[in-house]
Asker: 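Mind having a look at this structure? Questions to follow.
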Amino acid sequence: MEALYAMTTGILAASGLFLALRGRTFPVVVGLTLLSYAVNLFLFSMGGLQAGAAAVIDDSGNYTDPLPQALVLTAIVIGFAMTAFSVILAMRARADLGSDHVNGNRVDESREERS
Amino acid sequence: MLDNALWISVALFTVSIMLNLYRVAVGPALPDRILALDTMYVNSIALIVLFGIWLNTKTYFEAALLIAMLGFISTVAVCKYLLRGDIIE
Amino acid sequence: MSLLLIVLLPLLGSLVPLMGSNERRNACATMTAVAPTIALGIALAYMGQVLDGDIPRAAVSWIPALGLELAMRLDGLSLLFVLLILGIGLLIILYTRFYLADGDDMPRFYAFLMLFMTSMLGIVMADNLLLLWVFWELTSLSSFLLIGYWYRQSEARKGARMALTVTGAGGLALLAGLLLIGQIVGSYDMQVVLDSRELIQQDPRYLPALLLVLLGAFTKSAQVPFQFWLPHAMAAPTPVSAFLHSATMVKAGVFLLARMHPALAGSEAWLYLVGLTGLVTLLYGAYFALLKHDLKGILAFSTVSHLGIITLLFGLDSRLAVVAGLFHIVNHACFKAALFMTAGIVDHECGTRDIRKLKGLWRFMPLTTTMAVLAGAAMAGVPLFNGFLSKEMMLAESLQTPLLGGLSWLIPALATVGSLLSVAYSLRLVRNVFFDGPARDLPRTPHEPPRLMLAPVMLLTVICVVVGLLPALTMTALLEAAASAALAGDSPELHLAIWHGVNPALLMSLTALLGGLLLYLQRRHVFAFQRQFRPRDARLLFEMGIQLGVRIAQRAIDSLENGSLQRYMLWLVIAVLCVAGSALTQTSGLQGPLENQPLDGLLIAGAIIAMFAGLATAIMHRRRLISLLMLSIVGLMTSLAFARFSAPDLALTQLAVEVVNMILLMLALFFLPQKTPQESGAPRILRDVLLAAGFGGIVASLNYAVLTRPLESISDFYLENSVPGGGGHNVVNVILVDFRGFDTLGEITVLCIAAIGIYKLLNRLRLFMPSSDADGRPWALDHHPAILGTVAQTILPLALLVSFFIFLRGHNAPGGGFIAGLITAAALLLLYIARGVDWTQQRAPIQFQPIAVAGVGVATLTGVGSFVFGQPFLTSAYGHFHIPLIGDIELATAILFDLGVYLTVVGSTLMMLANLGKMTTRHRPSKNKEQA
């Protein structure tokens, strides 16, 4: 199971990175989101993979590690804020530079996309 | 008895989720994909509930509740995009 | 404690002039003088104690972990310098009052001057090596400000920059040296260091430490080959030069030599380095002083030369030489300050400092002339003046040195040559400017300066004469106290007197005087000789060096930073691959001791779906909407994974964020192009695929390596203390709002700031809005479908109820402020989607910015609230309450904190998304008109 889990995070990270290396802002943003999924899964797994052992104190006495969960929880929210910020930045860049290329090249876009 | 029923339903829902995935990937039209995604949400609700029954705990039922509610919002957003482009206008 | 005041008063005093105004100059100058006067009074009050051999010390702990203390001492050496700095500083304040022109900003000048004075006092009184260095750097900085005071002149800026570069670099070397010494000794306490001579000099690190410390001292004291900054610092206003050259800045270097003398001196390396550097500097400065035509230039090179004398004295292996060095520091300070002020007066009155244009000024300013003659005589070392005494001591000591073995006679011979040159340039300075026939073609007709402007010069000249006439009476006590500090032991017996009988030193003095006179008369030969050389401007060389550095840096930057974010990303990834990859190869195999847990079909299916969707997101990225749908599947699978592996809170958060994220990306999809053009060629794709595969491989290996190794966690503490300490059963939530509440506070603050940043970025944003979808179909005309609106309105209260429920039970079961906030935000966004911004704003005119800020406020106040009960920040309390109909519930103050989190999340999320929606609403009508 651990091997499968690790493979999944690896593939998600690889896909995310591939997208992050693209030239247009939208795939980069999507790539960053994908990468943050992978990273969250990765960090979360640092507490070990256990089923049915939620860190809610009850009579069972069997709990998983709550600390990575707490960290990942805030990471998810902050990750969203970061994504939102980069999205708006991308929009701003497109509005100001007329291009959605990450390098900010002032290339002409196809006309029908301008309104 | 319950165990068997549980396993059979989990297997069936797993298969249906895989089929949903196939539809999202293949299409052909965008509404097909969106519908498949929505169905995927519904199937995962079932999976979570079954998982909770299997573990005999209520802890995970809120997750099912949230998928039901928020999955809908997600679908609405995509549909609105298809219709109008601008989803908040 | 009052010891600290000597340094702190001028520091506070640097604020005083800033309150004054440029118009009321007398008041400004008087107010400024108050603090140093009091400080001088305190120092004088300690004088008796210090002269008796006591060393008053005072310390306040500053950063004990670094061995840094705010520790001050006032031994004889410090006292000598404190008196010089404060005494001459006060005279400079008075002189400046008349020197500065009406347009010059007087408060600023005085503020810098006081800061400079503070840092000098700090150096001489520091009782801790690190503290000494702090003040040392402060002198570099404040002298930069002073030299660059006339910042509109390019000369001033360049001079200031050069001084800062040279002395600042020296300061860094000094820091390294002091750290080395501190490591050798094991303490930064001055007394401990001074007492550890044997320990330091036997350590193999002694030589590098010595070199570094000397580098600091030599740069500061303008010793060859670092002398070049000093003449260029002449671009400063004359009072600054007078202060810089007499009592401060350059004297800091020789002070350091004296201060560290007990610990570092005596070794062969010290003798050669210090002695020979001093000798070379002495000759170099004296020779060029003779050649300069600028009054201040002559004085600057003469300073270089005299600093050479002092350095030479510290480098001679004799106790009496050190005393002579200290004596010369005082003497040089007095006559050099007087001469600089005189030069300032001449410049002020005549409008030029060029010695070739000045002539016969004695007719116009007899009093100033007298002062200049007297101070010049002191500089030349004419008998009956103070300069004579210390110079004769220098000559006498140089005769004793065995430094060069069989060639030791070179040192006294060269010292005599230096004195001879010094006589010649002093003569030239005084005679050419003030005598030498009647004045002609002066830019201005000079006359005597205001009485009070001349007063400081007179006072200093009187000191020169009195010390010269009555050396034993005036100086013996102070010098002995200073020497016993610099020599760590009793001072050698001093016999300061004008007449020691006919001895070699006297003969050398006389030779220098006569030879100087002769050289002055024949000076045109020297000028002719010098003309054969190509003049080399140190500043040009320095600027060239700087330019070269800048060019190299620029080239390096250009080659790395070409504006392509893709390129940076590439380098970043490659760096990560190298670092993480090489670290992974060091581990003992991939598989740890733990066995894999068994797989089941559900897991396999989930993993396959996630992997497939992830890959599909990447592969189909050019069809953006489909890529987005795939991303959404990955999100769903992630949250299912969280649920499967016992993290219900994470599952809930991920689901809620997933929706909000989806809405965000939908908006992005609309405003950004809907398709990605084919840009990357096959090689590039291949490169990226390889990089991504490498990265994924590393992540997977790392993850697997960790997962198969036993877990050691600090979480037991949280699990044990969650219920008794935090009053909550959901440990994740208790960690968030209680154990690590401070972290959470930081994170919601970041969230809020990000939202505000977005809000600002949206300001005046002109968006591109497509008129049809990716396939060219026009948009539907129905803005707000009725069914959707109705359903959304029905869902809203339900969703709010759910979020309220999740919020309340968050402390004990999965849920909490983050999740509840996201659900509320998603529900409100649904309303925005279904009904539009206008409709929603009409019915619920809520501004989201205040909500987000209020959330951070509530959370902070909750934390601050614990201060009221005398508890540390964010201490939580909880109790059981009975509410009718609902029953017993457990409430913790942490729920208030969670409320803050909730409000921040709702406010920030909506601030981001709803505002973005509003943007389009604002622009759309006009666009529709255009289309119509």
Side-chain angles (χ1 to χ4, degrees), chain B residues 7 10-11 13-18 20-27 29-30 32-34 36-38 40-41 43-45 47-48 50-52 54-55 57-89, chain C residues 601-602 605 608-609 612-613 616 625-626 628-630 632-633 636 639-640 643-644 648 651-652 655-656 658-659 662-663 666-667 669-670 769-770 772-773 779-780 782-783 785 788 792 795 798-799 802 806 813-815 823 826-827 829-830 832-834 836-837 913-914 916-918 920-921 924:
Chain B
W7 282 119
V10 165
F13 277 112
T14 311
V15 169
S16 53
I17 276 201
M18 300 292 275
N20 292 148
L21 181 68
Y22 171 77
R23 192 46 67 196
V24 178
V26 173
L30 272 173
D32 298 328
R33 298 177 198 262
I34 294 169
L37 183 63
D38 198 51
M40 205 169 194
Y41 281 124
N43 287 332
S44 44
I45 297 174
L47 277 179
I48 286 190
L50 289 174
F51 184 60
W54 178 53
L55 287 177
T57 168
K58 293 181 288 184
T59 317
Y60 301 99
F61 288 169
E62 283 79 20
L65 178 68
L66 279 201
I67 299 183
M69 207 168 70
L70 300 179
F72 168 71
I73 299 181
S74 232
T75 311
V76 164
V78 183
C79 294
K80 184 78 194 292
Y81 173 77
L82 273 192
L83 271 180
R84 291 283 305 155
D86 186 7
I87 59 170
I88 300 179
E89 54 185 342
Chain C
L602 190 59
I608 289 177
I609 295 175
F612 178 84
L625 185 58
I626 298 176
L628 211 49
L629 293 179
M630 290 299 176
S632 156
I633 295 178
L636 179 66
S639 49
L640 288 182
R644 172 67 176 73
L652 296 180
L655 279 170
E658 186 52 37
V659 174
M662 197 69 180
I663 294 172
M666 283 292 159
L667 283 168
L669 196 56
F670 176 61
M769 274 179 284
S772 62
D773 68 10
W779 303 119
D782 190 1
H783 287 221
L788 181 55
I795 284 190
L798 198 68
V802 169
I806 295 240
I823 297 174
L829 280 172
L830 176 62
Y832 274 96
I833 293 174
V837 175
L913 298 178
L916 190 57
K918 271 190 232 170
T920 65
T921 319
R924 221 164 210 195

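Everything numeric in this text was worked out from a predicted model, so none of it was measured. Note that these values count all heavy atoms, side chains included, but never hydrogens, waters or copies made by symmetry. Sequence lines set the chain letters: A, B, ... in the order given, protein chains first and strands last, and positions in each chain run from 1.
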Asker: Show the nearest heavy-atom pair for residues B:Asn43 and B:Asn20, with the distance to one decimal.
Answerer: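 Minimum heavy-atom contact is ND2-OD1, 2.6 Å.
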Asker: Might you point out which heavy atoms bring C:Phe612 and B:Leu21 nearest each other, and give the distance in Å?
Answerer: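 Taking C:Phe612 first and B:Leu21 second, the nearest heavy atoms are CD2-CD2, 3.5 Å.
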Asker: Locate the shortest heavy-atom distance separating C:Ile609 from B:Met18; write the atom from each residue and the value.
Answerer: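 Distance-wise, the nearest heavy atoms are CG1-SD, 3.6 Å.
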Asker: In terms of heavy-atom proximity below 4.5 Å to chain B, should C:Leu628 be classed as side chain, backbone, both, or neither?
Answerer: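 No part of it gets close to chain B.
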Asker: With only heavy atoms counted, which part of B:Phe51 is less than 4.5 Å from chain C, the side chain, the backbone, both or neither?
Answerer: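 When you check distances to chain C, only side chain atoms of B:Phe51 fall under 4.5 Å.
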Asker: At a 4.5 Å cut-off on heavy atoms, which part of C:Leu788 comes close to chain B: side chain, backbone, both, or neither?
Answerer: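 Contact with chain B is through the side chain of C:Leu788 alone.
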Asker: Pick one of side chain, backbone, both or neither for C:Ala792, based on which atoms fall under 4.5 Å of a heavy atom in chain B.
Answerer: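 Contact with chain B: none, neither part.
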Asker: Heavy-atom distances under 4.5 Å only: say whether C:Ala813 touches chain B with side chain, backbone, both or neither.
Answerer: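 Nothing of C:Ala813, per the 4.5 Å heavy-atom cut-off to chain B.
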Asker: Side chain, backbone, both or neither: which part of C:Leu636 has a heavy atom under 4.5 Å from chain B?
Answerer: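 Looking at C:Leu636, just its side chain touches chain B.
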Asker: Are any of the side-chain heavy atoms of B:Phe72 and C:Leu830 separated by less than 4.5 Å?
Answerer: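 Yes - at least one pair of side-chain heavy atoms lies under 4.5 Å apart.
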Asker: Hey, does B:Val10 have a side-chain heavy atom less than 4.5 Å from the side chain of B:Trp54?
Answerer: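 Contact flag for B:Trp54/B:Val10 side chains = no.
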Asker: Just wondering, do C:Val659 and B:Met69 contact through their side chains at under 4.5 Å, heavy atoms?
Answerer: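 Counting from C-beta outward, B:Met69 and C:Val659 never come under 4.5 Å.
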Asker: For B:Leu83 versus C:Pro785, what's the shortest heavy-atom pair and its separation?
Answerer: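 So the minimum-distance heavy-atom pair works out to CD1-CG, 4.0 Å.
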Asker: B:Leu82, B:Thr14, B:Val76: which one forms the most heavy-atom pairs within less than 4.5 Å of chain C?
Answerer: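 Of the options given, most contacts go to B:Val76.
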Asker: Among C:Pro648, C:Gly601, C:Gly836, single out the residue with the greatest number of heavy-atom pairs under 4.5 Å to chain B.
Answerer: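 Option with the top pair count is C:Pro648.
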Asker: Taking B:Leu37, B:Ile17, B:Leu47 one by one, which has the highest count of heavy-atom pairs under 4.5 Å against chain C?
Answerer: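 Sorted descending by pairs with chain C, the first entry is B:Leu37.
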Asker: Pick one of side chain, backbone, both or neither for C:Ile663, based on which atoms fall under 4.5 Å of a heavy atom in chain B.
Answerer: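 For C:Ile663, the contact with chain B is made by backbone and side chain together.
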Asker: Below 4.5 Å from any heavy atom of chain B, which atoms of C:Leu640 appear? Answer side chain, backbone, both or neither.
Answerer: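 Only the side chain of C:Leu640 comes within 4.5 Å of chain B.
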Asker: Considering only heavy atoms, which portion of C:Ala643 lies under 4.5 Å from any heavy atom of chain B: side chain, backbone, both, or neither?
Answerer: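 Both parts, heavy atoms under 4.5 Å.
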Asker: Flag the one option from C:Leu669, C:Ile823, C:Val802, C:Leu829 with the top tally of heavy-atom pairs under 4.5 Å to chain B.
Answerer: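 When all of C:Leu669, C:Ile823, C:Val802, C:Leu829 are compared, C:Leu669 has the most.
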Asker: For B:Cys79, which of B:Ile87, B:Asp38, B:Leu30, B:Ile34 qualifies under side-chain contact (heavy atoms from CB on, under 4.5 Å)?
Answerer: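 Among the candidates, only B:Ile34 passes.
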Asker: Between B:Ile73, B:Leu65, B:Thr57, which has the largest tally of heavy atom pairs under 4.5 Å with chain C?
Answerer: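 Most heavy-atom pairs under 4.5 Å with chain C: B:Ile73.
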Asker: Answer with side chain, backbone, both or neither: which region of C:Met662 has an atom nearer than 4.5 Å to a non-hydrogen atom of chain B?
Answerer: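 For C:Met662, the contact with chain B is made by the side chain alone.
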Asker: Rounded to the nearest 0.5 Å, what separates atom CD in C:Glu658 from atom CG in B:Leu66?
Answerer: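 With rounding to 0.5 Å, CD (C:Glu658) is 12.5 Å from CG (B:Leu66).
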Asker: So, the side chain of B:Arg23 versus the backbone of B:Arg33: is there a donor-acceptor pair under 3.5 Å, distance only?
Answerer: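 Side chain of B:Arg23 to backbone of B:Arg33, a donor-acceptor pair under 3.5 Å: no, none is there.
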Asker: Is B:Val15 close to chain C through its backbone or its side chain, or both, or neither, when contacts mean heavy atoms under 4.5 Å?
Answerer: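 Neither part; nothing is under 4.5 Å.
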Asker: Heavy-atom distances under 4.5 Å only: say whether C:Ile626 touches chain B with side chain, backbone, both or neither.
Answerer: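 The side chain, not the backbone.
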Asker: Would you mind checking which part of B:Ile48 comes under 4.5 Å of any heavy atom in chain C, side chain (CB onward), backbone (N, CA, C, O), both or neither?
Answerer: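 Contact with chain C: side chain only.
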Asker: If you take all heavy atoms of C:Ile806 and C:Gly815, which pair is closest and at what distance?
Answerer: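 Closest pair (atom of C:Ile806, atom of C:Gly815, distance): CG2-CA, 3.6 Å.
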